[in-house]
Amino acid sequence: MTANAKILGTGGYLPAEIRTNDDISKTVDTSDAWIYERTGIKSRRIAAPEESAASMAEIAAKQAIANAAINASDIDLIIVTTGTPDCVYPSTACIVQERLGIKNCVAFDVQAACSGALFSLSIADQYIKTGAAKNVLLIGSELCSRIVDWTDRGTCILFGDGAGALLLGASEEPGVLSTHIHSDGAYCDLLYCPNPQVEARNDKNGLGFINMRGNEVFKMAVTTLERIVDETLEANNLSKADIHWLVPHQANIRIIAATAKKLKMSLDQVIVTLEEQGNTSSASVLLALHQGISDGRIQRGQNILLEAFGAGFTWGSALIKY
Ligand code: UT7
């Protein structure tokens, strides 16, 4: 019998420093009113110099393991998704494996920019369905503050740091119902962050900063996410009314509101974290899922639709019965 990937536990970590819109307004030509109105963001968290993707991932992972009430040694696969890995290699997943003291499991990183959580979830689901893994730890951990050009008001207002974790376990009960992931490399120029050491592509300073044509990305995100909502519902033969919660990537409240409208959902049925977290790239969906589960809004038996859109372009969704 094929196993289902069931959510066993979630975890999250946010660094202590809070950087408000007013703080940013002191260094670039912007305002709290503009940022809040155009994005829905009020503040974001900034990691301390000694923190890294692996150190934040470790904390979120330990919380997910504790909430799942399993032994770390029972994890057979660790997937970390990050655009800000500690090293080119080893993978951040291997560093986390060592920090968690787990022997004899497989660990690797996945890179799909802001869609990384959905790509990782899709991989984890296949491993569990085929019986190749029983317990999969999935972590998104991002230090966006280190790859943001703090003089570019078009990007520095958007991003934040944090880590989210999800433990999935094989179950006979329904869990992940479907995953849908897509890529289209034709749009690399609209959103990219070069690797300054490789220098295959230069940004304006030769540094590894996020470059984004925000308005074009915005339009593509809205139309693409509307399409993937239809694809997800059709694959499961479900209607909009069957979805209890939308757990979206947290890029812009106007993008989130457009997807909710497409689903005929009020914002009360959407887990929104971006007001206080900004866009934490691949960590955002996992942090939002953790928020909705830990504060008791998302209940066992409910259907959750996760979605994300990011550089590549990449985009993905998942329907999960919690
Ligand atoms: O997570 C990965 C996917 N990323 C996204 O989905 C991000 C999508 N993009 C966005 O969220 C929005 O495009 C932004 C928030 C980045 C920008 O909002 P927008 O409504 O698309 O503004 P815009 O880029 O069209 O710029 C409108 C005006 C421009 O001024 P002019 O040319 O009309 O005089 C910009 O220079 O707003 C100006 N502007 C700002 N003004 C004050 C741009 N950034 C700022 C700013 N403060 N921070």
Side-chain angles (χ1 to χ4, degrees), residues 19-44 81-84 111-119 140-145 147-162 164 181-185 187-193 209-229 246-260 262 270 272-275 277-288 306-317:
R19 191 165 295 174
T20 65
N21 292 346
D22 285 334
D23 293 334
I24 295 178
S25 307
K26 288 178 191 142
T27 51
V28 290
D29 183 15
T30 188
S31 66
D32 174 49
W34 192 95
I35 300 170
Y36 188 60
E37 189 186 310
R38 304 306 293 166
T39 70
I41 299 166
K42 281 218 160 281
S43 62
R44 66 290 292 143
T81 177
T82 179
T84 50
Q111 166 57 274
C114 295
S115 309
L118 273 305
F119 277 58
S141 186
E142 299 280 5
L143 289 157
C144 298
S145 64
I147 55 167
V148 151
D149 176 357
W150 287 98
T151 66
D152 174 13
R153 69 177 183 173
T155 52
C156 75
I157 58 162
L158 299 171
F159 294 95
D161 300 338
I181 55 173
H182 300 273
S183 316
D184 187 345
Y187 297 95
C188 288
D189 284 349
L190 296 190
L191 177 51
Y192 64 94
C193 180
F209 290 141
I210 298 171
N211 288 258
M212 179 169 71
R213 294 191 349 225
N215 197 263
E216 289 161 79
V217 176
F218 181 97
K219 287 178 193 154
M220 283 292 291
V222 170
T223 52
T224 307
L225 290 171
E226 284 184 359
R227 268 206 323 275
I228 209 166
V229 163
L246 174 64
V247 182
H249 172 48
Q250 312 280 321
N252 188 311
I253 192 67
R254 293 181 291 140
I255 299 175
I256 293 173
T259 311
K262 168 82 183 171
V270 184
V272 178
T273 56
L274 94 168
E275 188 166 330
Q277 295 177 15
N279 179 348
T280 56
S281 191
S282 72
S284 87
V285 170
L286 296 171
L287 275 165
L306 280 57
E307 48 86 340
F309 181 88
F313 288 141
T314 55
W315 62 101
S317 65

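We count ligands from 1, going down the list as the structure has it; atoms in each ligand are counted the same way. Both backbone and side-chain heavy atoms feed into the values below; hydrogens, waters and symmetry mates do not.
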Just which atoms of ligand 1 are under 4.0 Å from any heavy atom in [X]?
X	result
Thr39	15 (C)
Cys114	1 (O), 2 (C)
Ile157	48 (N)
Gly214	8 (C), 9 (N), 13 (O)
Ile255	6 (O)
Val217	3 (C), 4 (N), 5 (C), 6 (O)
Ala251	1 (O), 5 (C), 6 (O)
Gly154	16 (C)

Best match, Phe313, Trp34, Trp315: closest heavy atom to atom 22 (O) of ligand 1: Trp34
Identity of the nearest option to atom 35 (C) of ligand 1, non-hydrogen atoms only, from Arg153, Arg38, His249: Arg153
Over-ring placement of Arg19 relative to Trp150, 6.0 Å and 45° cut-offs: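 Geometry flag: set, cation within 6.0 Å and 45°.
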With no hydrogens and no angle check, is any side-chain donor or acceptor of [X] less than 3.5 Å from a backbone partner on [Y]?
X	Y	result
Ser31	Trp34	yes
Asn21	Ile157	no
Ser284	Asn279	no

Nitrogen or oxygen of Ser31 less than 3.5 angstrom from that of ligand 1: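 No, there is no polar N/O contact under 3.5 Å.
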Ligand 1 N/O within reach of Asn279 N/O, cut-off under 3.5 Å: yes
Would [atom] count as contacted, meaning some protein heavy atom under 4.0 Å?
atom	answer
atom 2 (C) of ligand 1	yes
atom 26 (O) of ligand 1	no
atom 40 (C) of ligand 1	yes

Residue, atom name and distance, where the atom is the protein heavy atom closest to atom 23 (P) of ligand 1: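 Residue, atom and distance for the closest contact: Asn215 ND2, 4.2 Å.
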Minimum-distance protein heavy atom relative to atom 47 (N) of ligand 1: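 The closest one turns out to be Thr30 OG1, 2.7 Å.
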Test: Lys42 and Asp32 ion pair at under 4.0 Å: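 Yes, this pair counts.
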Phe119/Thr314 under side-chain contact (heavy atoms from CB on, under 4.5 Å): CA gap, chis, key distance, verdict: CA-CA 9 Å; Phe119 277 58; Thr314 55; 3.9 Å; yes
Partner of Leu158 by side chain to side chain contact (heavy atoms under 4.5 Å, CB included), out of Met212, Arg44, Arg153, Arg38: Met212
Between Ser25 and Asp22: side-chain donor-acceptor atoms closer than 3.5 Å: no
Side-chain H-bond candidate by donor/acceptor type, Glu142 with Thr280, under 3.5 Å: no
All ring-ring contact (aromatic ring centres under 6.0 Å, His included) counterparts of Phe313, not counting sequence neighbours: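 Once residues adjacent in sequence are excluded, the partners of Phe313 under the ring-ring contact (aromatic ring centres under 6.0 Å, His included) criterion are Tyr187, Phe309.
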For Ser183, all residues meeting side chain to side chain donor-acceptor pair (under 3.5 Å), sequence neighbours excluded: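 Here no residue qualifies.
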